[in-house]
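Worksheet: the structure to be examined is printed underneath.
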2 protein chains.
Amino acid sequence: MVWVTGFYTLAETEKTIEGRLSGLEIDFTSQAAIANLYRAANSVRKYFSNTVLRSNDLSWTGFVVLWVVWIWPGIEVRHAAEEAGISKSTLSGVVRTMEGRSLMRRRIDPVDRRLVHLELTDEGDRMMVDLFPRFNGEEAFAVSPLNAKKVQELTRSLKAIVAHLEANMPESTGD
Amino acid sequence: MVWVTGFYTLAETEKTIEGRLSGLEIDFTSQAAIANLYRAANSVRKYFSNTVLRSNDLSWTGFVVLWVVWIWPGIEVRHAAEEAGISKSTLSGVVRTMEGRSLMRRRIDPVDRRLVHLELTDEGDRMMVDLFPRFNGEEAFAVSPLNAKKVQELTRSLKAIVAHLEANMPESTGD
DNA sequence: TGGATATGATTCGTATCCGAAAGAATAAGG
DNA sequence: CCTTATTCTTTCGGATACGAATCATATCCA
């Protein structure tokens, strides 16, 4: 975070941290990795929000949810939340927003009436067909400072972290 | 996202995307990198929120703000927001929360009364002294599936993406 | 079959989160 | 000086964000 791009320089920050933590054993390598992971995700979300997504007045999460439903029409709510990486309660609110903008629809399962299926409206579908290629273009732009091999290595490392944390996630009661 | 851990597999997802975009070329490598970056940041935030941070009833953002002010006592609001990677308006709310919990203080600059300096209370300082080593321990745990070289490579790649996007970020009017 | 149990989605309360607008103070330029 | 512009923070409105509680439906099993 601080030592990435901010007002204070990398050297300043690391020195200050070490000063503040003298006597404590700190793993600075791991810290730098997690801090930059957080920072990078923030930059990506902000960049996409201010470029491709702004033109369609979509938030990052709104786009992700739209994308999930676009790829998997009729997906059930709990699966959509899992795929989008948000809680069911958050998804519920986002779907409400998307319904209000006529981009998405709820459909109650006729057999098991507890289940709710999600699908895009024609308008939502048209938006994604137009938007996704531009979104993907920005994805390519975002990783363009890395060569193909480094991009794949990055993906591998990120997947390893996700798998590791998912496997060790303390179970949360419910959402 | 979808192809990381979810209900559907990578192969399924890619085929579906291709079907939806017949004729258009999609850069799946870049897409996987960005999607996993987003997913990893989510996992990390969730994992830390449910382990070390839960014990002190802190949100991820709350911790980051506390950390920034801990490292840079007396930091001005706009710089703290920049360092924490959030907008000034968001920071304002978080500081209000932290003030209410007696962890942080505002101090108006006596010379330039527009400026507000932030600093931890003694209680906030004690919390960070106790919390940060445990937080750092979890950081090391999070990246433990990677060897030291891969962690540094990951950090390098993430920094490159951040620098690239920051350099190309469309200026936002104000926050 | 009918009460207990389980499963799904939504609602509720509270805390982020952002951009735009407002509010407060300083700086600039005649 | 004193208007105007600039800088800095906060407030406001609306959308995300989560966990807990609630509501609705389905399943279990005696």
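Convention: sequence-line order gives letters A, B, ...; per-chain numbering from 1.
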Just checking [X]: base, sugar-phosphate only, or nothing, at a heavy-atom cut-off of under 4.0 Å?
{"X": "A:Ser87", "answer": "base"}
{"X": "A:Arg101", "answer": "nothing"}
{"X": "A:Ser92", "answer": "base"}
{"X": "A:Ile86", "answer": "sugar-phosphate"}
{"X": "A:Val111", "answer": "sugar-phosphate"}
{"X": "B:Ser59", "answer": "sugar-phosphate"}

Exercise. Can a side chain N or O of B:Arg96 be found less than 4.0 Å away from OP1 or OP2 on D:dT11?
Worked result: yes

Exercise. Between A:Glu153 and A:Arg156, does at least one N-O distance fall below 4.0 Å, as a salt bridge requires?
Worked result: yes

For this session: Decide, yes or no, whether a salt bridge links B:Glu82 with A:Arg39 under the criterion of side-chain N to carboxylate O below 4.0 Å.
Result: yes

Choose from [options] the nucleotide whose nearest atom is closest to any side-chain atom of [X].
{"X": "B:Ser89", "options": "C:dA20, D:dG19, D:dC8", "value": "C:dA20"}
{"X": "A:Arg78", "options": "C:dA9, D:dC8, C:dT16", "value": "C:dA9"}
{"X": "B:Arg114", "options": "C:dG8, C:dG19, C:dA24", "value": "C:dA24"}

Exercise. Roughly how far apart are B:Leu154 CG and A:Leu158 CG, rounded to 0.5 Å?
Worked result: 6.0 Å

Exercise. Angle class for the A:Phe48/A:Trp60 ring planes (parallel below 30°, perpendicular above 60°, tilted otherwise)?
Worked result: perpendicular

Seminar exercise, completed: Closest to the 5' end of DNA chain C, once A:Asn42 and A:Val77 are matched to their nearest nucleotides, is A:Val77

